[in-house]
*Asks:* 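Please read through the structure below; I'll follow up with questions.
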Amino acid sequence: MDEPAAKHPARSPEELLHELQVHQIELEMQNEAMRQTQVSLEKSRDRYAELFEFAPIGYFTLSNTGLIAACNLAGATLLGMNRSKLVSRRFAKFVTAEDSDRWYQLFLSVLNTTDKPSEVLLLQRGDGSQFPARLDCRYVKDDGNGGTVLLTLIDTVERRSLRQREQSFNAIFEHSPIGIGVAGPDRRYRQVNPAFCRMLGYSEAELLGMSYLDITHPVDQELTIANPSMLRADDGRHFSMEKRYVTKTGNTLWVSLNAVAVTDETNGELLYSIGLAEDITARREAEIERLTHARQQRDTLVREVHHRIKNNLQSVAGLLQRELGKFTGLNPRLETAISQINAIAMVHGLQSSAPDEATRLCDNVKSICKTVSELLQRPVMFRIEHEQTSFLPVGINSDESVPIALVLNELILNAVKHAPVGGAATHVSLSADGVRAKLSIRNGWTTAPEFNFETGQGLGTGLRLVRSLMPLQGARLSFEQDTAGQILTHLELISPIVMPHGQKR
């Protein structure tokens with residue numbers, strides 16, 4: 001008698017629920033794995049479709065009877081017809097009559113062997129034009145419908161032309177005497193030619209991967225960054241510039257650089273840029289020598305012109321001075337004219353010594369004080385404030401040198417003229433910090449002055465001239481009277497009237 005089957009202990013609802021939950025999780029994990037597999041398959045399909053559609057050669061799928069089942073864009077372009085009109089048409093229709101037999105032999109060979117035969121045939125496009133093409137075939141068996149023929153199509157004329165252009169470019173690239181570098185969007189070199197390596201003293205291996213900023217002179221880096229950024233613009237496919245490179249040994253050389261952008265036809269993004277660099281160091285040095293020589297000649301001529309003008313003006317001032325005292329009523333006017341001529345002569349004299357630099361204000365003031373003192377036979381005391389410590393000389397803008405000299409002359413001349421005879425000497429002081437200057441004149445007056453410089457009321461001939469010559473910007477004139485009854489005249493000058501001494505004008 002058989003033993004009764006062992007009974008499984010009854011499971012609680014909690015255990016059954018737990019098993020169902022575990023099973024549910026396993027199913028969800030399997031479902032996720034299947035979903036990931038499907039996504040991968042779809043991506044692979046999409047990649048295959050892109051490769052098929054956008055390949056540079058024609059792809060065709062033919063039935064075992066020679067009908068076109070499918071083709072890519074390149075294939076339709078080569079045959080000059082819309083793809084929808086190619087499907088179900090016999091491929092033999094696009095083979096010229098003289099090569100039709102060779103096509104049938106090729107097609108039969110594909111169906112009857114496992115080889116991958118190829119042949120160059122003369123094909124005919126939809127518009128009747130002809131072109132030679134290389135056909136590569138492969139047969140794929142399919143028990144269901146008799147199999148298919150996979151065919152690739154290449155225009156041999158176009159391919160030969162592309163190969164020739166590539167060979168020509170390579171020959172130019174390798175043997176060009178001009179340095180050529182191909183850089184990616186990250187500014188790093190992808191390709192350099194031997195001339196570029198020789199120019200910079202680096203090997204090809206050293207340059208590849210380096211940025212063109214690595215070999216650019218620091219002074220030119222900002223301009224070098226700015227110009228390539230223009231290559232991304234629709235109207236900025238090319239730029240030219242002269243810049244400096246630093247060679248491996250640390251030497252600096254000048255190059256004439258022409259850069260061309262190569263962009264993606266679909267989105268316009270910069271793919272790479274080609275730079276052609278010609279060493280123009282010798283030309284630049286020759287140009288610098290020529291310009292230096294020309295500048296020296298110009299400076300010599302300018303100095304001579306200023307010197308002659310100064311001499312002529314001093315001669316005129318000397319002739320006028322001889323007339324002083326002959327007509328006492330004219331003496332004040334003659335003295336004013338002589339001082340003005342001497343002030344202008346002083347400017348030309350200073351410019352004859354350094355024609356390319358702004359004349360120093362302190363030299364102008366010192367010279368005017370001396371000529372006024374000699375003319376009027378009265379002392380003028382000039383000093384520079386903090387000359388040995390904080391004083392920094394300033395130059396006078398060449399466009400304002402004569403007007404400022406006349407203003408200084410009139411202010412000092414009037415101060416001396418109106419000071420009491422036998423009284424304290426007129427004092428002139430100058431302070432400057434390299435960017436601004438202040439001239440102060442202290443003198444006594446025979447009678448208390450009553451005038452308004454701003455409105456012009458009560459001005460004498462000298463101050464009217466000063467008022468007319470004062471620049472619109474960069475100059476301020478003020479007057480005050482101290483407790484001792486002395487008149488203080490202050491002239492403050494800033495840019496654009498004055499500039500740091502030594503700065504080229």
Side-chain angles (χ1 to χ4, degrees), residues 41-169 234 237 262-269 271:
L41 289 173
E42 289 176 352
K43 288 183 178 179
S44 298
R45 180 201 62 196
D46 292 342
R47 283 196 297 269
Y48 170 78
E50 289 178 0
L51 289 172
F52 178 80
E53 288 294 342
F54 301 109
I57 61 177
Y59 284 117
F60 291 83
T61 302
L62 308 181
S63 69
N64 61 357
T65 60
L67 298 178
I68 299 174
C71 73
N72 67 347
L73 290 173
T77 301
L78 285 170
L79 295 184
M81 293 188 67
N82 189 287
R83 280 194 295 179
S84 61
K85 295 182 179 181
L86 285 174
V87 176
S88 299
R89 296 193 65 172
R90 196 170 296 279
F91 187 83
K93 296 290 185 180
F94 298 97
V95 180
T96 58
E98 54 265 38
D99 279 351
S100 61
D101 289 342
R102 294 172 60 201
W103 159 247
Y104 284 118
Q105 291 175 6
L106 173 65
F107 191 72
L108 290 175
S109 174
V110 173
L111 296 176
N112 295 322
T113 67
T114 57
D115 296 335
K116 302 176 183 177
S118 64
E119 186 69 83
V120 176
L121 302 176
L122 188 62
L123 302 185
Q124 182 171 283
R125 298 185 179 93
D127 61 3
S129 60
Q130 298 178 352
F131 67 99
R134 175 180 169 178
L135 281 65
D136 291 275
C137 305
R138 183 166 67 92
Y139 179 61
V140 178
K141 291 184 177 181
D142 184 350
D143 296 335
N145 57 16
T148 57
V149 174
L150 303 181
L151 181 147
T152 61
L153 186 63
I154 300 173
D155 186 336
T156 57
V157 172
E158 182 179 352
R159 187 176 186 183
R160 189 182 306 117
S161 177
L162 288 172
R163 188 184 301 113
Q164 290 172 347
R165 288 199 294 270
E166 183 179 357
Q167 291 173 347
S168 298
F169 173 79
D234 292 337
R237 302 303 185 202
V262 179
T263 57
D264 191 316
E265 293 182 358
T266 59
N267 55 27
E269 286 294 319
L271 298 177

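No hydrogens, no waters, no symmetry mates; every other heavy atom, side chains included, goes into these values. Since the model is a prediction, treat every value here as computed from it, not as a measurement.
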*Asks:* Is there a side-chain contact between Leu67 and Ser88 in this structure, where contact means two heavy atoms from C-beta onward sitting under 4.5 Å apart?
*Replies:*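 Counting from C-beta outward, Leu67 and Ser88 never come under 4.5 Å.
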
*Asks:* Checking Leu111 against Val149 for the side-chain contact (heavy atoms from CB on, under 4.5 Å) test, could you report, in this order, the C-alpha distance in whole Å, the side-chain angles of both residues, the deciding distance, and whether it holds?
*Replies:* CA-CA 8 Å; Leu111 296 176; Val149 174; 3.9 Å; yes

*Asks:* With rounding to the nearest 0.5 Å, note down the distance linking CZ in Arg89 to CG in Leu79.
*Replies:*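 Here the interatomic distance stands at 9.5 Å.
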
*Asks:* Look at the side chain of Thr96 and the backbone N and O of Leu122, then say whether any donor-acceptor pair between them is shorter than 3.5 Å.
*Replies:*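 Looks like yes, one N/O pair under 3.5 Å.
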
*Asks:* Are Arg138 and Asp136 ion-paired here, with the side-chain N under 4.0 Å from a carboxylate O?
*Replies:* no

*Asks:* Please name the pair of heavy atoms, one in Asn72 and one in Gly58, separated by the smallest distance, quoted to 0.1 Å.
*Replies:* OD1-CA, 3.5 Å

*Asks:* Are the side chains of Leu151 and Phe107 in touch, meaning some heavy atoms are under 4.5 Å apart?
*Replies:*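 Not touching, per the 4.5 Å side-chain cut-off.
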
*Asks:* Keeping the roles fixed (side chain from Asp127, backbone from Met81), state whether a donor-acceptor pair exists under 3.5 Å.
*Replies:* no

*Asks:* To the closest 0.5 Å, what do you measure between CG (Leu123) and CZ (Phe94)?
*Replies:* 9.5 Å

*Asks:* Would you confirm whether Thr113, through its side chain, and Ser109, through its main-chain N or O, come within 3.5 Å as a donor-acceptor pair?
*Replies:*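 Judged by distance alone, yes, a pair lies under 3.5 Å.
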
*Asks:* Rounded to the nearest 0.5 Å, what separation is found between the CZ atom of Arg83 and the OG1 atom of Thr77?
*Replies:*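 Answer for the CZ-OG1 pair, Arg83 versus Thr77, is 9.0 Å.
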
*Asks:* How close do Tyr139 and Gly147 get, heavy atom to heavy atom, and via which atoms?
*Replies:*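 So the two residues come closest at OH-CA, 3.7 Å.
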
*Asks:* Got Arg125 and Phe131 here, is their nearest side-chain heavy-atom distance under 4.5 Å?
*Replies:* yes

*Asks:* Indicate yes or no for a side-chain donor-acceptor contact from Arg102 to the backbone of Leu121 under 3.5 Å, with no hydrogens or angles considered.
*Replies:* no

*Asks:* Would a 4.5 Å heavy-atom cut-off, applied to side chains only, mark Glu119 and Gln105 as touching?
*Replies:* no

*Asks:* Quick one: does Leu78's side chain get under 4.5 Å of Asp155's, heavy atoms only?
*Replies:*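 When only atoms from C-beta onward are counted, Asp155 and Leu78 do touch, with a gap below 4.5 Å.
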
*Asks:* Between Leu150 and Thr61, is there a side-chain heavy-atom distance shorter than 4.5 Å?
*Replies:*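 Yes, their side chains come closer than 4.5 Å.
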
*Asks:* So, do Val95 and Gln124 sit near enough that their side-chain heavy atoms are less than 4.5 Å apart?
*Replies:*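 Not in contact.
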
*Asks:* Can you confirm whether Arg134 sits close enough to Ser118 that some side-chain heavy atom of one is under 4.5 Å from a side-chain heavy atom of the other?
*Replies:*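 They are in contact (side-chain heavy atoms under 4.5 Å apart), so the answer is yes.
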
*Asks:* First locate atom CG of Leu62, then atom CD1 of Ile68, and finally report the distance between them rounded to the nearest 0.5 Å.
*Replies:* 6.5 Å

*Asks:* Measure across Ala69 and Val87 and return the closest heavy-atom pair with its distance rounded to 0.1 Å.
*Replies:*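 Taking every non-hydrogen atom into account, O-CG1, 3.9 Å.
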
*Asks:* Over 60° means perpendicular and under 30° means parallel, so classify the ring planes of Phe91 and Trp103, tilted if in between.
*Replies:*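 Correct class here is tilted.
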
*Asks:* Please determine whether side-chain contact (heavy atoms from CB on, under 4.5 Å) holds for the pair Leu153 and Ile57, giving the CA-CA distance in whole Å, both sets of side-chain angles, and the decisive distance to 0.1 Å.
*Replies:* CA-CA 6 Å; Leu153 186 63; Ile57 61 177; over 6 Å; no

*Asks:* Might you point out which heavy atoms bring Ala76 and Leu86 nearest each other, and give the distance in Å?
*Replies:* CA-CD1, 3.8 Å

